[in-house]
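For reference, the structure is listed below as C-alpha cells.
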Amino acid sequence: MKLQTAMQANATNRENRWFPEIDSIATARRVARQGVIASLVLAGVTTAFAIAATQNTLPSELLELDEVFNPLLFVDALIYGAIAWGIQRMSRIAAIAGLSIYLLSRVLLHLSGMPTNLFGMAIVTLVSVAFINAIRSTFAYHRFQRQQALEMFSGNSDFPEAN
C-alpha cells in the first residue's frame, strides 16, 4: 500500500515538473516565463546563425543548406523577440504563435534535409513544452483576471439585484 502511494506521489511530481499546476495569477505569470525564456533563446540562436550566414562562417555541413541559413534569419529572430514580449504581457495570441511558428519551422527544417539527432529531438521537446506551458498559463491568467473582475463587481455592487 505504501509503495503504491509513493509511486502515485512520484508520478504526480513528475507531471508537475513538465506541466506545473497553475492556480493563481502569480503562478500563471511564473509558468509563462518558460515561453518567454524559450523565445529569447530561440531569438539568440537564430541571430547567431544569421550572423554566421552573413559572415560565411557556417560549418561545412550547413553550407549546403544556404536556402535555410541566410540573412533573412534576422526576421525570424525579431519575430521570436516579439513573441517573447507578447508572452511577457500574457498574450494568448503570442503564446499560440510561438508554438505554431516554432513547430512550423521545425517541420520546414526537416523537409529541407536538416539532419536530426537525439539531442535535437530533446531540444524540440523542451521548447515545445515551454510554449505549451505558456499557452496554458496565458489562458489561465485571463480566466483568473475575469474571475477576479466578476468577484469585485458582485461584491461591491450598489444594486441589490446584482448581489
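For the numbers below, each heavy atom of this structure counts, side chains included, while hydrogens, waters and symmetry mates do not.
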Worksheet item: What pair of heavy atoms forms the shortest contact from Ala28 to Ser137, and how long is it?
Response: O-CB, 3.2 Å

Discussion item. Let me check something: do Ile22 and Trp18 share a hydrophobic cluster, defined by ILVMFWY side-chain heavy atoms less than 4.5 Å apart, either directly or through other members?
Written reply: no

Practice prompt. List, by chain and then residue number, the residues other than Val107 in its hydrophobic cluster (Ile/Leu/Val/Met/Phe/Trp/Tyr, side-chain heavy atoms under 4.5 Å); write none if there are no others.
Written response: Leu111

Discussion item. Rounded at 0.5 Å granularity, tell me how far CZ in Arg89 sits from CH2 in Trp85.
Written reply: 4.5 Å

Discussion item. Hydrophobic clustering (ILVMFWY, side-chain heavy atoms < 4.5 Å, transitive) - are Leu40 and Ile96 grouped together?
Written reply: yes

Worksheet, complete the sentence: Closest heavy-atom pair, Ile25 versus Gln148, reported as atoms and distance to 0.1 Å, is CD1-OE1, 3.6 Å

Worksheet, complete the sentence: CD1 of Ile135 to CG of Leu99, rounded to nearest 0.5 Å, is 4.5 Å

Worksheet item: Mind checking whether Phe139 and Val129 sit in one hydrophobic cluster, side chains of I, L, V, M, F, W, Y counted as touching below 4.5 Å?
Response: yes

Practice prompt. Begin with the C-alpha distance, continue with both residues' side-chain angles, and end with the deciding distance and a verdict on side chain to side chain contact (heavy atoms under 4.5 Å, CB included) for Ile51 and Phe74.
Written response: CA-CA 8 Å; Ile51 291 170; Phe74 284 118; 3.8 Å; yes

Discussion item. I'd like to know if the side chain of His110 and the backbone of Ser105 have a donor-acceptor N/O pair within less than 3.5 Å.
Written reply: no

Discussion item. Would you call the rings of Phe131 and Tyr102 parallel, tilted or perpendicular, taking 30° and 60° as the class edges?
Written reply: tilted

Discussion item. Please determine whether residues Met121 and Val41 belong to a single hydrophobic cluster, defined as Ile, Leu, Val, Met, Phe, Trp and Tyr linked transitively by side-chain heavy-atom distances below 4.5 Å.
Written reply: no

Discussion item. Restricting to non-hydrogen atoms, name the atom on Asp23 and the atom on Phe144 that form the minimum distance, rounded to 0.1 Å.
Written reply: C-CZ, 3.5 Å

Worksheet item: For Phe49 and Leu73, which heavy atoms make the closest approach, and how far apart are they?
Response: CB-CD1, 3.8 Å

Discussion item. Which heavy atom of Ala94 sits nearest to which heavy atom of Ile83, and what is that distance?
Written reply: O-CG2, 3.5 Å

Discussion item. Does Leu126 have more than 12 heavy atoms from other residues, nucleotides or ligands lying within 6.0 Å of its CG?
Written reply: yes

Worksheet item: So, Ser128 and Thr125: side-chain donor and acceptor under 3.5 Å apart, yes or no?
Response: no

Discussion item. Please determine whether side chain to side chain contact (heavy atoms under 4.5 Å, CB included) holds for the pair Val127 and Arg106, giving the CA-CA distance in whole Å, both sets of side-chain angles, and the decisive distance to 0.1 Å.
Written reply: CA-CA 11 Å; Val127 171; Arg106 296 311 304 173; over 6 Å; no

Item to complete: Search all heavy atoms of His142 against all heavy atoms of Met90 and return the closest pair with its distance.
Response: NE2-O, 2.7 Å

Discussion item. Rounded to the nearest 0.5 Å, what separates atom CD in Gln34 from atom CZ in Phe19?
Written reply: 9.0 Å

Practice prompt. Tell me whether Val36 is reachable from Ile93 by hopping between hydrophobic residues (I, L, V, M, F, W, Y) whose side-chain heavy atoms are closer than 4.5 Å.
Written response: no

Item to complete: With sequence neighbours excluded, tell me which residues meet side-chain hydrogen bond (donor to acceptor under 3.5 Å, both in side chains) with Arg136.
Response: Asn133

Item to complete: For the pair Ile101 and Tyr80, evaluate side chain to side chain contact (heavy atoms under 4.5 Å, CB included) and give the outcome as yes or no after the intermediate values.
Response: CA-CA 9 Å; Ile101 291 170; Tyr80 282 122; 3.9 Å; yes

